[in-house]
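For reference, the structure is listed below as structure tokens.
Sequential numbering from 1 along the given sequence is applied to the chain's residues.
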Amino acid sequence: MLNTARLLRHGLLTALLLFGGTAAFELSTILQDRADSMTRYIRVDAWAVEQLEYELQQFRSRLARHVAGDADMPMSALKAQFTTVRATLPLLHRSREYEQFRLFVDVDGTAAAVGAALDRIDGLLIGRAGLAGDLATLNQVEAALAAPLVRLRQLMVDVATVRSDLQDGDLANVRWLIGANRWMLLAFGGITAVFILLLMKEALDARRAERIANDSERKSRHIAEHDGLTGLPNRMLFHARLREAIAGAAATGHDVVLLTLDLDGFKDINDTFGHDFGDAVLSAAALRLRQALPADTFLVRLGGDEFAVIRTGSGASESEEALANHLLATFQQPLACADRTVQIGTSIGAARFPVDGTDAETVMRAADLALHAAKAAGRACFQPFRSGMMTEVERRQDMQEDLRRAIAGGALEVFLQPQIELTNGGCIGAEALLRWRNGDKGWISPGVFIPLAEQTGLILPLGRFVLEAACREAMHWEGAAAQATVAVNVSPAQFLYQDIYAEVCEVLAATGLPPHRLELEITEGLLMRDQRAAMTVLKRLEALGVQLAVDDFGTGYSSLSYLKQFPVQKLKVDQSFVREIEASASDKMIVRTIVTLASGLGLKTIAEGIETPAQSRILSDLGCEEGQGYLFARPMPAADFRAWADTQVAQAGAQPAILTLAAG
């Protein structure tokens, strides 16, 4: 029904428009005829007369100059001007087409008079090579032109007068027609306006409905193709855009670069601070990526804490390593999220079309493998795809599963390395080193499986295992060691993303170890990641009675301000300064500075990696109180350490023994 009414309205409007158009055409024809009748007078206006009169005056002027002997006016120029005058004369004869006009103006008589004068002048000029000084000829020419010039001037006046009179009559007729037509057009316009308004309303309604439908479709498509949290394109749009980019690059011969990024430590943040804070971290990370990437890139969130960057065009010819290093540098600054500041890094893998794959799926798989390699290399780094990565990834996945089973099955073991009082050589404790003996592969280096545990999140159950094993082993010590303190190196994941305070309380309660016998070792970098959170946790641990030490001091920030603020009791000199202390004056100076600084702040110092008597003597002379290394004893199983300690414990009062988790 609605469609029928719409067709009727459209048909009626079409008929009305046709009628109005026809009427307007007929009227325009009439008006055009009237306009033509006015134009005919305009065509035969004073211009032709004025032009002829002007050319005659030019001829007279040049003739006078020539007769006067002007060298710039030769006879040839004079004859050329005379020819121009003759060529202008026919302009007057156009009026023969308009008989009505000829009734009022003597165009023909004037033209005949001018023509006769020109003929007389032509007779005077024929055969003459020059007229210099010929005043007689000049006077004859002036006499011949005198009457025609008077008639030309009168003709100009007559043409203007007659043209005005005739145009006034035609204009009156045109005004009458226009007045009559105005009323017809008003009526026609009113009817047309009504139908146009109806059609406009109908068109607006249709456009509004179409816009609503398009907006709804666009929003639905946007929701389907974009991440609701960060606003970035999602995996579905990513695959479509990657296929388009590769198809375009294949046609033009360009490259396509694909970077895959993973936020290091995000799982621990999400688990520790909750999903809301994790979402804030993701949004902040996405914003930082947007700001850091060039305009010729396409950033997407693949899911979780994983992002991808597609680069096409001329920018794809540049090194992907340069772009990756730029992104790595942007994450060196902490992220401000809600009321916290967190340090989070990113691992980046890269693949390039067509070098690493000839289709979207192959390139994506290559970039993923490169990302896994970057995470395996220690995170916060970049790895391009290389052939053979598939085998490496499979090997790491196998090791990850083996480590997971080892943690669950109790296949890990804590070894102990004695620590010595440098002044008297007495044993005051031990550092615990985690060891893993795989049934098929033998002993696995801690330098291999500890980073793997940190990358995969297994460091949390691994750290809990070591903390419990350390405290439980310390409760088995007897004699002088029965009052020793056990120290456990805490990983950043445990300290920042897990409630380490609650975990320590649970372990102490489960093992019965007094809090003052536990010493936790933390790194400088860990303290600087989130100073406010670190200060809160450290003060709670101090209030509990737990001892605190800074591990690997001198290799990180080495900030005096945090040593003054944080409640720590000991600094551990990194073995990199001990290794060359006999030959390196700079290493010796660094150790002296650390020892002096610790002494001034009331802190103790312990050096690791001592392998020669000379190193031990130098450290003791510099004021370092404690040390450990192969010079004194190698790491040993817990039972062997207890037997060794029974025969080696010196008179060290109640100085505690040290139990520390280390990767090497």
Side-chain angles (χ1 to χ4, degrees), residues 32-171:
Q32 185 62 49
D33 290 341
R34 291 298 182 179
D36 289 343
S37 67
M38 290 187 293
T39 304
R40 68 186 180 183
Y41 308 129
I42 296 175
R43 289 180 180 175
V44 189
D45 57 8
W47 178 85
V49 182
E50 291 172 355
Q51 186 66 24
L52 180 58
E53 194 268 346
Y54 169 78
E55 298 296 343
L56 284 172
Q57 294 293 352
Q58 287 291 313
F59 174 73
R60 292 176 63 203
S61 173
R62 294 184 181 186
L63 176 62
R65 289 172 57 191
H66 178 72
V67 171
D70 188 348
D72 293 332
M73 185 56 60
M75 188 65 180
S76 58
L78 181 62
K79 290 183 176 182
Q81 179 61 32
F82 184 76
T83 302
T84 301
V85 172
R86 280 198 172 279
T88 306
L89 180 61
L91 294 175
L92 294 178
H93 296 291
R94 292 190 310 173
S95 61
R96 293 173 181 173
E97 300 176 7
Y98 309 104
E99 296 299 331
Q100 183 180 4
F101 189 76
R102 292 165 57 83
L103 295 176
F104 303 98
V105 179
D106 187 12
V107 177
D108 294 338
T110 303
V114 174
L118 294 178
D119 290 340
R120 288 196 298 273
I121 294 171
D122 190 22
L124 294 174
L125 298 180
I126 292 176
R128 302 291 295 274
L131 298 176
D134 190 352
L135 295 177
T137 302
L138 176 63
N139 291 332
Q140 292 178 17
V141 171
E142 289 294 329
L145 290 177
L149 285 173
V150 171
R151 296 192 66 172
L152 279 174
R153 295 188 185 99
Q154 183 61 44
L155 182 61
M156 283 191 289
V157 175
D158 294 343
V159 166
T161 301
V162 173
R163 182 182 60 187
S164 176
D165 293 341
L166 293 177
Q167 284 180 340
D168 287 344
D170 283 343
L171 286 175

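Looking at heavy atoms from C-beta onward, Gln57 lies in side-chain contact with Leu149 at the 4.5 angstrom threshold. The side-chain heavy atoms of Thr84 and Phe59, taken from C-beta on, include no pair separated by under 4.5 Å. Contact annotation: the side chain of Asp122 approaches that of Ile126 to within less than 4.5 Å [non-hydrogen atoms, C-beta and beyond]. Counting heavy atoms from C-beta outward, Leu131 and Met75 have side chains that approach closer than 4.5 Å. Counting only heavy atoms from C-beta outward, the side chains of Gln154 and Thr110 never approach each other to under 4.5 Å. Considering only heavy atoms from C-beta on, Arg128 comes within 4.5 Å of Asp134 through its side chain.
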Any chance you could lay out the side chain to side chain contact (heavy atoms under 4.5 Å, CB included) test for Leu152 and Val114, step after step, and finish with the verdict?
CA-CA 8 Å; Leu152 279 174; Val114 174; 4.0 Å; yes
Between Asp119 and Arg86, is the salt bridge (charged side-chain N to carboxylate O under 4.0 Å, His left out) condition met? List the steps. CA-CA 10 Å; Asp119 290 340; Arg86 280 198 172 279; 2.7 Å; yes
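Rounded to the nearest 0.5 Å, atoms CZ (Arg62) and CG (Asp72) are 11.5 Å apart. Here the CG-CG distance, from Leu52 to Leu118, works out to 7.5 Å after rounding to the nearest 0.5 Å. Here Ile121 contributes atom CD1 and Leu56 contributes atom CG; the two are 7.5 Å apart, rounded to the nearest 0.5 Å. To the nearest 0.5 Å, the span separating CZ on Arg65 from CG on Leu78 amounts to 10.5 Å.
In this structure, Gln81 contributes its side chain and Glu55 its backbone to a donor-acceptor pair below 3.5 Å. Judged by distance alone, the side chain of Asn139 and the main-chain N or O of Leu135 form a donor-acceptor pair under 3.5 Å.
Nearest heavy atoms, Ala117 versus Pro148: CB-CG, 3.6 Å. Residue Ala113 comes nearest to Arg151 through the heavy atom pair CB-NH1, 3.7 Å, listed as atom of the first residue, atom of the second, then distance.
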